[in-house]
Visitor: 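Can you keep this structure in mind? I'll have questions shortly.
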Amino acid sequence: MDIKVVKFGGSSLADAKQFEKVAAIIKDDPTRRYVVPSAPGKRFSGDDKVTDLLYRCYDHASKGEDIDAEFEVIMGRYNDIIRDLKLDFSLEKEFAQIKNAFLCHAGRDYAASRGEYLNGLILAKYLGFPFLDAAGVIFFNEDGSFNAKLTNTILSSKLRTMHNAVIPGFYGAMPNDTIRTFSRGGSDITGSIVARAADADLYENWTDVSGFLMADPRIITNPRPIRVITYHELRELSYMGASVLHEDAIFPVRYAGIPINIRNTNQPEAEGTMIVPDSKHPSYETKEIVTGIAGKKGFCTITLEKDRMNDEVGFGRKVLQVFENHNICFEHLPSGIDTMCVILNNRDLEGVKDMVINEICQTVEPDTISFDDDLALVAVVGRGMVKAKGTASRVFKAVAAADVNIRMIDQGSSEQNIVIGVAESCFETAMRAIYAEFSEDNAIK
Ligand code: ASP
């Protein structure tokens, strides 16, 4: 029998109505055996996420301020869910322990983790599944990094003894048994870790959108959904700003070759987006050329020219060493025979720009060096580009027809990604032009 691990985000578990939808989804498929909940999220726009309430409340407790009223609001969120689901269940004992721990300054991570912990207890009760505390099965190292090996060993042997379980997301335990959380949105990571440990066939990540879209809906009206995307493509697109899933959630399942299905709790009939391991999955083959388009503003370029640069052994290394000395990562490195262009994030040069440029001049003595801080990057990503001829020409023609000048071009040798640089003021126009050129190819036929 297949095994699915299902993770539900905060908006999917924000109130009793959402709990009912979640339970219906789980009961609809007996292979949905292991459930990872987030803390209750926003019920309406302007509402608070319980995690934010917990952080705030704890900060007041740690300053010695009174937290009665704030803690009351947090308890109210859970008590409303329990009451509306008509559960014969009380969290009063847990509330008292947690409040006491806040007053004894048990730590910010502990405070935030209680959002998932309490929601997990309610969901386990509602589903009739056993509750498995993440603190006993998810482990961190002394330095705060995730201990994948220990977690996988303990968690997989535990899951072998449990047909079903609710495992709260977002946290685990340090070697000294204190609680540590992942970064915000980290329940996605827990879901991925559980999927790997359970040797699941599928990791379903239930949220409030029906998967990934071909482009940012704030720029493109009603963009097409992406049905299948590879981990590799997803990484390229998320790097450029597309986000639905926590970036670190990819690694555990990618390592194990388990696909992720992004689904919508409010529209369970939609197939969502399948994220599949590169090349091994049956849906890997595609007729679509471009899977998605993403981009970001806020880049800058440092361009160096030097006669006979290409003969000077070590020139590039010396330039890059200057960035390394300042702990700066470069983004792209397009170069010509006697020119080298380093593309960087504006943010990384803040406060050190003049120093970096001076050091480069002293180190490699270029004939000219120029700086331009008005660059936006657009990445056109698709595994279908590998075999297709003329894709780059379609991108460039579309952008030229929209009267946008391309300042930089970079195509990785994987052939799955063409990155172009344009002036920030032309960013949206370029995105729309490229989307219009390729979106018809992706119409469901
Ligand atoms: N509740 C946590 C947050 O709001 C973790 C999560 O929802 O994934 O960041």
Side-chain angles (χ1 to χ4, degrees), residues 5-15 18-19 21-22 25 34-59 70-71 73-78 81 91 94 98 102 106-124 131-135 137-138 140 144 146 151 166-173 179-196 203-209 211-212 238 243-253 260-266 275:
V5 169
V6 286
K7 180 257 164 180
F8 290 89
S11 58
S12 302
L13 291 164
D15 59 20
Q18 293 300 88
F19 265 72
K21 291 183 194 169
V22 164
I25 290 166
Y34 303 117
V35 184
V36 176
S38 284
K42 296 184 183 193
R43 295 159 294 182
F44 44 84
S45 98
D47 193 18
D48 285 308
K49 291 179 171 190
V50 165
T51 309
D52 293 322
L53 295 175
L54 286 163
Y55 276 126
R56 235 179 285 151
C57 183
Y58 184 77
D59 288 345
E70 274 173 298
F71 205 81
V73 173
I74 295 167
M75 292 191 296
R77 289 291 302 264
Y78 292 103
I81 297 173
L91 287 173
E94 283 77 9
I98 294 168
F102 274 41
R108 241 181 150 241
D109 280 16
Y110 165 82
S113 75
R114 297 306 88 185
E116 281 47 27
Y117 174 79
L118 294 169
N119 227 21
L121 287 173
I122 300 177
L123 187 61
F131 175 81
L132 178 59
D133 189 357
V137 287
I138 297 215
F140 291 90
F146 170 58
T151 299
V166 171
I167 307 127
F170 193 37
Y171 70 92
I179 296 289
R180 180 175 173 84
T181 59
F182 293 107
S183 55
R184 293 300 303 264
S187 299
D188 283 344
I189 309 175
T190 309
S192 181
I193 292 165
V194 174
R196 180 182 168 205
Y203 168 26
E204 286 181 347
N205 188 297
W206 291 81
T207 173
D208 52 9
V209 292
F212 291 96
S238 342
S243 74
V244 171
L245 191 70
H246 193 299
E247 250 199 279
D248 294 343
I250 295 176
F251 300 107
V253 280
I260 308 175
N261 192 191
I262 307 288
R263 301 284 294 265
N264 188 348
T265 303
N266 305 318
I275 309 168

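Whatever order the structure lists ligands and atoms in, that order sets their numbers, starting from 1. These numbers were taken from a predicted model, which means no experiment stands behind them.
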Visitor: Which atom pair, heavy atoms only, marks the closest approach of Tyr171 to Thr190?
Guide: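 Answer, listing the atom of Tyr171 first, then Thr190: N-OG1, 4.3 Å.
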
Visitor: Mind listing the closest non-hydrogen atom pair of Ala112 and Thr181 along with its distance?
Guide: CB-CG2, 4.4 Å

Visitor: Let me have the donor-acceptor pairs involving side chains of residues 5-12, under 3.5 Å, with sequence neighbours excluded, atom names and distances please.
Guide:
{"from": "Lys7", "atom 1": "NZ", "to": "Asp188", "atom 2": "OD1", "distance (Å)": "2.9"}
{"from": "Ser11", "atom 1": "OG", "to": "Asp208", "atom 2": "OD2", "distance (Å)": "3.1"}
{"from": "Ser12", "atom 1": "OG", "to": "Thr265", "atom 2": "OG1", "distance (Å)": "2.8"}

Visitor: Who pairs with Glu70 by side-chain hydrogen bond (donor to acceptor under 3.5 Å, both in side chains), at least two apart in sequence or on another chain?
Guide: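 Residues passing side-chain hydrogen bond (donor to acceptor under 3.5 Å, both in side chains) with Glu70: His60.
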
Visitor: Can you name the residues that form a salt bridge (Lys or Arg N to Asp or Glu O under 4.0 Å) with Asp48, not counting sequence neighbours?
Guide: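 Residues passing salt bridge (Lys or Arg N to Asp or Glu O under 4.0 Å) with Asp48: Arg56.
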
Visitor: Heavy-atom cut-off of under 4.0 Å around ligand 1: list whichever protein residues fall inside it, by chain and number.
Guide: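 Residue list for ligand 1: Ser38, Thr51, Glu116, Phe170, Arg184, Gly185, Gly186, Ser187.
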
Visitor: Establish, yes or no, whether a centroid distance under 6.0 Å links the rings of Phe182 and Phe170.
Guide: no

